[in-house]
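For ligands, and for the atoms within them, numbers begin at 1 and follow the listed sequence. Just so it is clear, the values below take in all heavy atoms, side chains as well, and ignore hydrogens, waters and symmetry mates. Just so you know, these numbers come straight off a predicted model, no measurement behind them.
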Amino acid sequence: MLRVPSEGFRKPSSSFQRPRLLKLKEMFNSKFGSTPKFYVRAPGRVNIIGEHIDYCGYSVLPMAVEQDMLIAVEPVKTHTLQLANTNPLYPDFSTSANNICIDKTKPLWHNYFLCGFKGIQEHFGLSKLTGMNCLVDGNIPPGSGLSSSSALVCCAGLVTLTVLGMSLSKVELAEICAKSERYIGTEGGGMDQSISFLAEEGTAKLIEFSPLRATDVKLPSGAVFVIANSCVEMNKAATSHFNIRVMECRLAAKVLAKHKGLQWDKVLRLEEVQTQLGISLEEMLLVTEDALHAEPYSREEICRCLGISLEELCTQILSPNTQDELTFKLYQRAKHVYSEAARVLQFKQVCEEAPDNAVQLLGELMNQSHRSCRDMYECSCPELDQLVDICRNLISSLIRCFALENIN
Ligand code: ADP
Ligand code: MG
């Protein structure tokens with residue numbers, strides 16, 4: 001993280017969207033032979049700290065980015081949903097609005113739209129929906145951790161709500177879209193959809209769950225966040241990596257709960273174990289040391305720990321795309337989650353207290369977060385680790401240069 005004069009950076013403004021809107025309108029016209037009736041946008045996000053802990057029930061600290069999903073819409077009377085995309089990589093799609101099928105085995109782009117569409121349809125218990133023509137224009141790098149998928153799901157949810165002429169609060173919309181993105185097969189938490197709806201300009205947000213709420217977190221003035229792309233893509237729905245982590249956390253929660261004599265079969269998230277024990281995150285880290293071992297757990301060992309059969313493990317606990325996994329790392333995942341949840345709270349506290357060395361303190365928490373993601377959660381990759389090293393070395397050199405200049 002850098003501290004630079006804030007006037008050196010352009011703030012997002014609505015006027016820079018105008019040429020994009022005009023281009024979208026033109027493309028819509030050549031595609032559907034008509035004019036869009038309205039436009040909807042939903043932003044992507046960067047998570048500053050709180051990696052992979054939302055689905056464990058813990059608070060996270062993201063902010064929206066300028067890159068977004070923009071959809072031009074025209075409601076039609078035919079009950080047909082026609083989707084097109086400004087990016088030729090994403091082919092046209094058409095379906096009956098009354099018969100939405102989302103194929104979990106093929107996470108094609110239109111399925112993300114259908115998640116948002118179906119989520120709203122189900123929320124209002126509607127069986128017949130009006131059709132619409134939609135042209136999607138997204139500029140969030142896909143599969144790069146800026147949540148292009150959720151921006152698309154949220155945008156589609158908002159489009160559907162608008163076409164229906166209904167209204168919902170932003171929190172309700174976020175909750176519906178978080179639930180409906182799971183139709184694609186990923187067992188995500190609610191961070192991405194929440195920040196897409198609840199973000200505000202000029203502030204990061206602490207997103208808390210059960211009940212969902214967002215609180216402003218004012219970042220130190222002049223601090224600049226550089227978002228760099230390692231250019232390694234990860235399609236969360238097309239692989240099982242994401243869901244394996246979710247299941248490892250679920251299994252760790254159950255084994256910890258059983259170890260502490262709680263009713264483990266009802267427990268799904270690591271946060272529930274902490275809440276039921278009524279202890280601090282630091283104490284939870286000690287419980288983790290005591291109850292779990294670092295060697296990966298085989299399926300048989302987990303079954304023995306919980307006193308269940310292999311069939312019960314596969315059908316009642318694991319998701320469809322993790323049932324064939326043979327081993328699970330429970331200790332490392334729980335260690336990451338409880339320590340990362342504590343770092344989020346420390347990050348917020350530093351922002352509130354705003355000491356002189358706030359930027360250094362926040363930077364150190366972000367470094368710890370990356371180390372934990374790399375070593376404990378194994379959700380990084382060599383290219384990203386290298387990018388982090390390059391950035392950190394660059395910043396160290398810059399600091400040395402400034403220090404020398406000041407001496408001279
Ligand atoms: P992330 O959410 O981190 O960007 P995901 O793997 O969850 O990554 O989602 C990426 C998927 O979202 C893409 O494979 C594509 O199906 C969809 N997507 C992203 N951007 C667009 C876009 N501009 N238009 C249509 N679909 C998109
Ligand atoms: Mg995603």
Side-chain angles (χ1 to χ4, degrees), residues 20 23-24 27-28 31 39-47 50-52 54-55 60 62 64-73 81-94 102-117 119 134-159 174 177-197 199 227-246 319 321 373 379-381 383-384:
R20 186 174 167 211
K23 206 166 143 218
L24 192 60
M27 278 186 81
F28 190 99
K31 190 93 210 164
Y39 301 84
V40 169
R41 83 174 271 277
R45 62 98 184 109
V46 64
N47 190 22
E51 286 299 323
H52 288 269
D54 59 338
Y55 51 76
V60 290
V65 292
E66 222 172 273
Q67 286 73 12
D68 60 13
M69 234 15 106
L70 181 64
I71 308 187
V73 191
L81 178 60
Q82 286 205 81
L83 304 178
N85 201 299
T86 56
N87 184 339
L89 282 178
Y90 302 117
D92 291 357
F93 176 78
S94 170
I102 302 174
D103 184 354
K104 282 190 182 185
T105 59
K106 286 198 201 102
L108 300 172
W109 80 273
H110 60 257
N111 283 326
Y112 292 92
F113 186 101
L114 297 182
C115 285
F117 186 80
C134 295
L135 178 60
V136 175
D137 182 53
N139 56 17
I140 307 166
S144 309
L146 296 180
S147 251
S148 64
S149 64
S150 303
L152 182 49
V153 173
C154 292
C155 210
L158 198 50
V159 163
C177 291
K179 207 168 109 204
S180 62
E181 187 163 343
R182 295 189 196 121
Y183 292 137
I184 204 88
T186 45
E187 296 286 328
M191 159 166 65
D192 305 345
Q193 302 81 3
S194 304
I195 192 66
S196 193
F197 282 117
I227 304 170
N229 191 346
S230 69
C231 297
V232 177
E233 289 185 12
M234 164 66 82
N235 186 316
K236 265 68 81 187
T239 59
S240 56
H241 295 79
F242 184 87
N243 278 1
I244 289 172
R245 292 293 174 277
V246 181
S319 68
N321 68 346
C373 284
C379 59
S380 185
C381 62
E383 294 83 353
L384 178 57

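For atom 23 (N) of ligand 1, the closest non-hydrogen atom on the protein side is Gly138 CA, 3.5 Å. Of the protein's non-hydrogen atoms, Asn85 ND2, 3.1 Å is the one closest to atom 25 (C) of ligand 1. What sits closest to atom 14 (O) of ligand 1 on the protein, heavy atoms only, is Asn235 ND2, 3.1 Å. Protein heavy atom nearest atom 5 (P) of ligand 1, with residue, atom name and distance: Lys236 CE, 3.8 Å. Of the protein's non-hydrogen atoms, the one nearest atom 22 (C) of ligand 1 is Tyr90 CE1, 3.4 Å. Here the heavy atom of the protein found nearest to atom 10 (C) of ligand 1 is Ser148 OG, 3.6 Å. The protein heavy-atom contact nearest to atom 7 (O) of ligand 1 is Ser149 OG, 3.0 Å.
Lys31 NZ: 12 or fewer foreign heavy atoms inside a 6.0 Å radius.
Residue Asp137 places no N or O, backbone or side chain, under 3.5 Å from any N or O of ligand 1. Not a single N or O atom of Asn139, backbone or side chain, sits closer than 3.5 Å to an N or O atom of ligand 1. For ligand 1, none of its N or O atoms has an N or O atom of Glu181 under 3.5 Å away. At under 3.5 Å, not a single nitrogen or oxygen of Pro142, backbone or side chain, sits near a nitrogen or oxygen of ligand 1. Checked against a 3.5 angstrom limit, the closest N/O atoms of Gly143 and ligand 1 fall inside it.
Not a single heavy atom of Asn87 sits less than 4.0 Å from an atom of ligand 1. For the pair His110 and ligand 1, no heavy-atom separation below 4.0 Å is found. At least one heavy atom of Met234 sits closer than 4.0 Å to an atom of ligand 1.
If you take SG on Cys134 and CG on Leu83, they are separated by 5.5 Å, rounding to the nearest 0.5 Å. Here the OG-CD distance, from Ser148 to Gln67, works out to 11.5 Å after rounding to the nearest 0.5 Å.
Two residues are said to be in side-chain contact when any heavy atoms from C-beta on lie closer than 4.5 Å; Arg41 and Met69 fail this criterion.
Ring geometry for His110 versus Phe93: interplanar angle under 30°, hence parallel rather than tilted (30 to 60°).
Numbered from 1 in the order shown, with element, the atoms of ligand 1 that lie under 4.0 Å from a heavy atom of Gly145 read 3 (O). If you number the atoms of ligand 1 from 1 as listed, the ones under 4.0 Å from a heavy atom of Trp109 come out as 16 (O), 25 (C), 26 (N). Each of the atoms 25 (C), 26 (N), 27 (C) of ligand 1 lies under 4.0 Å from some heavy atom of Leu152.
Glu181 and Thr186 share no donor-acceptor pair across their side chains, judged by distance under 3.5 Å alone. Asp192 and Ser147 share a donor-acceptor pair across their side chains, judged by distance under 3.5 Å alone.
No donor-acceptor distance shorter than 3.5 angstrom exists from the side chain of Trp109 to the backbone of Leu89, with no hydrogens or angles considered. The backbone N or O of Met191 lies less than 3.5 Å from a partner atom in the side chain of Asp54, making a donor-acceptor pair. Of the possible polar contacts, one joining the Ser180 side chain to the Cys115 backbone as a donor-acceptor pair under 3.5 Å is found.
Between Cys379 and His52, the closest heavy-atom pair is SG-CD2, 3.8 Å.
With 2.8 Å as the limit, Ser147 does not count as an N, O or S neighbour of the Mg ion (ligand 2).
Annotation: Phe242 is in aromatic contact with Tyr55 [ring centroid separation under 6.0 Å].
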